[in-house]
Amino acid sequence: MTKQHSLIPKDESELKVIKPYRFIHKNDIERRATDVLMYVQAKRQHPLKWPIDAGYMAEALGLDMDCGEIPADEYGAIAAMILPTERKIIMNENHRDLPPGFEESSIAHEIGHWILHIDRNEVSRFSELQEMGIEKTVEPFLCRSVSTQQGIEWQAQYFASCFLMPLFKLEEVQIGRDLTNWKHLYAMREHLGITISNLTNRLQSLGWISIPKGSKQIYPGKAAPNGQTNLFNR
Ligand SMILES: [Zn+2]
């Protein structure tokens, strides 16, 4: 076996706890987010409260939350950092003073990284090795949610959206509401404690509504009817 083999870390003392990128189906991300909500609900033996308190959820998963200054590196800005073996999420304090709903979304995004991208078996192995007196280094996980709209960042953001707006809850809060009416959407937004763009993105992703780019007109279902816009603009 050669040292060049990709499965062998260059540094023998390093333990790889960050999973390499792989495609994860949207439905799987949705299921993982619901599983976490159900896990916490079972643990506290009470129905979940809304809006979801993402900080509380992180705590229930045994994660510590902290805030600190994280300088940008050669690849750009860093929104947050996860120290896997310390089970700690550090939010970059430069990202504070965010509009309401945004903070919850950021924490839920980091929970998404913890669930989807950290190899928690390897984190446990780190502790076992440490008990045996074998010291390993583990690199921190760096979140760049601001700059990237694809790959792992997209996955974590989709997780956050499923986590704060799970399907079962959306089905409940839309009862008696008109999804094509902004006033009704704002009322739902209030109840769920998220931003209005979080909500419209989620509803569009589910195919419940569609809003053509640059328009304020909300259409029911997947696609805006072609050539019908004039009817609404009269
Ligand atoms: Zn991220």
Side-chain angles (χ1 to χ4, degrees), residues 15-37 39-40 51-123 138-166 192-202 204-205:
L15 203 64
K16 290 272 174 208
V17 303
I18 300 167
K19 293 180 184 174
Y21 171 75
R22 69 178 179 93
F23 170 80
I24 311 175
H25 196 278
K26 273 168 102 173
N27 294 348
D28 285 336
I29 298 178
E30 176 108 47
R31 186 180 50 76
R32 301 287 294 275
T34 310
D35 283 353
V36 174
L37 292 171
Y39 166 79
V40 176
I52 288 286
D53 180 341
Y56 170 85
M57 300 301 278
E59 203 182 299
L61 293 171
L63 295 169
D64 266 346
M65 297 291 305
D66 208 344
C67 199
E69 200 179 319
I70 309 169
D73 62 7
E74 69 263 40
Y75 301 105
I78 297 166
M81 189 188 250
I82 301 177
L83 306 177
T85 57
E86 292 175 42
R87 301 180 72 94
K88 188 182 247 182
I89 296 170
I90 303 172
M91 309 295 290
N92 196 343
E93 62 184 7
N94 297 335
H95 286 71
R96 273 196 305 198
D97 305 325
L98 300 167
F102 203 91
E103 192 184 336
E104 295 306 319
S105 171
S106 305
I107 298 172
H109 175 107
E110 298 312 319
I111 295 175
H113 281 312
W114 173 257
I115 297 293
L116 302 173
H117 306 132
I118 304 285
D119 188 336
R120 293 187 303 286
N121 289 331
E122 285 296 278
V123 173
V138 167
E139 59 177 327
F141 178 91
L142 303 178
C143 163
R144 303 176 188 277
S145 62
V146 190
S147 57
T148 321
Q149 290 307 311
Q150 54 188 356
I152 59 166
E153 293 306 337
W154 182 89
Q155 291 174 345
Q157 202 50 37
Y158 192 74
F159 179 97
S161 150
C162 299
F163 192 72
L164 299 173
M165 297 168 275
L192 296 164
I194 31 94
T195 67
I196 193 69
S197 59
N198 283 159
L199 180 61
T200 52
N201 287 340
R202 173 77 165 137
Q204 291 194 88
S205 152

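Bear in mind the structure is a predicted one, so any value in this text is a computation, not a measurement. Whatever order the structure lists ligands and atoms in, that order sets their numbers, starting from 1. Heavy atoms only: backbone and side chains are in, while hydrogens, waters and symmetry mates are out.
In this pair, H117 and F141 present their aromatic rings parallel. The plane angle is below 30°, not in the 30 to 60° band.
Within a radius of less than 2.8 Å around the Zn ion (ligand 1), the protein N, O or S atoms are H109 NE2, H113 NE2, C143 SG, E153 OE1.
Ion pairing between D66 and K88 holds under the 4.0 Å rule for side-chain N and carboxylate O.
A distance of 12.0 Å separates CG of L63 from CD of E86, quoted to the nearest 0.5 Å.
Listed by chain and number, the residues in a side chain to side chain contact (heavy atoms under 4.5 Å, CB included) with P51 amount to none (sequence neighbours excluded).
The distance between the ring centers of H109 and F159 does not fall below 6.0 angstrom.
For E153 and H113, the side-chain atoms include at least one donor-acceptor pair closer than 3.5 Å.
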